[in-house]
2 protein chains.
Amino acid sequence: MPPAMEKALQLKTAELEKISHIDYFNIAISVDCVIFGYDEKELKVLLIKSDLEEFSGLYSLLGDLIRPDEDLETASYRILKERTGMDDMYLEQVHAFGGLDRHPSGRVITIAYYSLIDIKHQKLQLSHNELSWHPVHEIKKLAFDHKLILETCLGRLQQQVLDYPVIFNLLPEKFSLRELQELYQAILGVELDRRNFRKKIVIKDWLLDIKEIENDVPHRPGKLYKLKPELKKKNGKKKFSATVR
Amino acid sequence: MPPAMEKALQLKTAELEKISHIDYFNIAISVDCVIFGYDEKELKVLLIKSDLEEFSGLYSLLGDLIRPDEDLETASYRILKERTGMDDMYLEQVHAFGGLDRHPSGRVITIAYYSLIDIKHQKLQLSHNELSWHPVHEIKKLAFDHKLILETCLGRLQQQVLDYPVIFNLLPEKFSLRELQELYQAILGVELDRRNFRKKIVIKDWLLDIKEIENDVPHRPGKLYKLKPELKKKNGKKKFSATVR
DNA sequence: TACACAATATGTACTTACAACACATTAGAA
DNA sequence: TTCTAATGTGTTGTAAGTACATATTGTGTA
């Protein structure tokens, strides 16, 4: 008896006997990463040309099957590393998608993560494979159910930037308040009042004034800030509003 | 060639050839449900005695392997239906857990859902199987990684009750403000000021005054309320605060 | 029947967050 | 020098959050 079946037998299942046990392993599991970046005042996502005939001409998210010897986070980091050359980036699980017909070649359940990287800081080797950055708001159609996955991850990102200091993973180390506000606007899809925005961001107490100013802008330069170092943990979230709303 | 392998071959995987293809299906997928209920002023969770030798004496969440012909929500509803006899209950996906050693019998990735039911309304047949309700805050240890799953789902529930009208799935159709407040306190683990609570809940505009009063309390009876019918969708969330925080 | 009790119901004052809006300041370019 | 397009800092009115007080109403009991 193959080990897989042996394992299946030990698993508690109410009506296990009705179904061939090996069937339970006839489902593959993958991880898909929505890799967000920010450039030219637009939120972008890293996509790859789909190599499936069914989706020819369409782009898809970066993903891969999970290997038997790696856990979910390991698989996600592996994908990021393989595709971008970067590691230690911000990564967050969002949702599992398990529709019966989401993959044309068979049953694949996927677990979606979103990731945030500073496009300008890390130069990824985009040319030698078919990776490219696409403005999130211009994406009409993707392979598989990846449009839905993208929207779900964008929704989660929009929630998180309001409460947690995650947005800074999309920016260079030093940034001006204008850049930060433009990034918020790109993510949330709204216009924000500059004066109110500054007050709100100051209240959050996330920023460190590094006593430097911009030097490459064609107008009065603004002050530069950093994220406070103690908030820099790539993962590990903590709610920074003290009260129960 | 078995269909499973055939499918594996069609799936894009960077280093697929290094690993025996069938290995990819050597991972089972399950769903685990954290079923919350509210009774005797305590938040409770429905547990079952573990039937695994490794966890003898411990309780575990209700879960089962996903069948090849059902999607994730279908599997979750099936488990709820099989175990409680109820259907159409509130259900929400929370997180996927995929640690390598989380199941002693083999590699099992599980997708956790939480569910909310009104204990008093539906009388589930608890006696003929080993199901029982346990106060959430008294649970010390569970089988597998189910303690972690429980805590994760509780955390999600705590977030959600502040912004979405989900809490009412734990209460009978008609309820008093006192009952509602006690439930919030049980979920959030804090004491709330009665007068401020009433103002806050009125602002949310979730409640319908049904012009009835309690009739079984040993003191002055309070007014009874219902959740506004248009908010009753079991799933499908909508943010009810209009502003960008 | 009257009274104590244990809740409900409602209100006030203070403080803090939010939204709309105005004006002075500063570097660069013409 | 002046114009321009940003930065930096207010002000005001409104809404929401917090702490705290008092009157009201059914129930149970002496």
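Letters A, B, ... mirror the listed sequences (proteins, then strands); counts begin at 1.
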Main-chain N/O of A:V161 paired with A:Y184 side-chain donor or acceptor, under 3.5 Å: yes
Whether A:E179 side chain and A:S176 backbone form a donor-acceptor pair below 3.5 Å: yes
Separation of [X] atom [atom1] from [N] atom [atom2], in whole Å?
| X | N | atom1 | atom2 | result |
| --- | --- | --- | --- | --- |
| A:L180 | D:dT7 | CG | C1' | 15 Å |
| A:H219 | D:dT4 | NE2 | C1' | 11 Å |
| A:F197 | C:dC18 | CZ | P | 13 Å |
| B:I213 | D:dG26 | CD1 | P | 7 Å |
| B:R198 | D:dT24 | CZ | C1' | 13 Å |
| B:D216 | D:dG26 | CG | P | 16 Å |
| A:I201 | C:dA17 | CD1 | C1' | 15 Å |
| A:N215 | C:dG28 | CG | C1' | 14 Å |

Lys/Arg N to Asp/Glu carboxylate O, B:K232 vs B:E173, below 4.0 Å: yes
Should the pair A:D71-B:R102 be classified as a salt bridge under the 4.0 Å nitrogen-to-oxygen rule? no
Plane angle bin for B:Y114 and B:Y90 - parallel if under 30°, tilted between 30 and 60°, otherwise perpendicular: tilted
Return the nearest nucleotide to the side chain of B:P221; candidates are D:dT18, C:dA9, D:dG26. D:dG26
Rounded to the nearest 0.5 Å, what separates atom NE2 in B:H134 from atom CG in B:L150? 11.5 Å
On DNA chain C, compare the nucleotides closest to B:G222 and A:P218; which residue's is nearer the 5' end? B:G222
Ignoring hydrogens and geometry beyond distance, is a side-chain donor-acceptor pair present between B:Y113 and B:E73 at under 3.5 Å? yes
For nucleotides 19-22 of chain D, tabulate all protein N/O to nucleotide N/O atom pairs closer than 3.5 Å, reporting atom names and distance.
residue: D:dA19; atom: N7; partner: B:N196; partner atom: OD1; Å: 3.4
residue: D:dA19; atom: N7; partner: B:N196; partner atom: ND2; Å: 2.9
residue: D:dA19; atom: N6; partner: B:N196; partner atom: OD1; Å: 3.3
residue: D:dA19; atom: N6; partner: B:K199; partner atom: NZ; Å: 3.2
residue: D:dC20; atom: N4; partner: B:R195; partner atom: NE; Å: 3.2
residue: D:dA21; atom: N7; partner: B:R195; partner atom: NH1; Å: 2.3
residue: D:dA21; atom: N6; partner: B:R195; partner atom: NE; Å: 3.3
residue: D:dA21; atom: N6; partner: B:R195; partner atom: NH1; Å: 2.9

B:R178 vs C:dA7: side-chain N/O to OP1/OP2 distance below 4.0 Å: no
Can you say whether a donor on the side chain of A:R220 sits under 3.5 Å from an acceptor on the base of C:dT25, or the other way round? yes
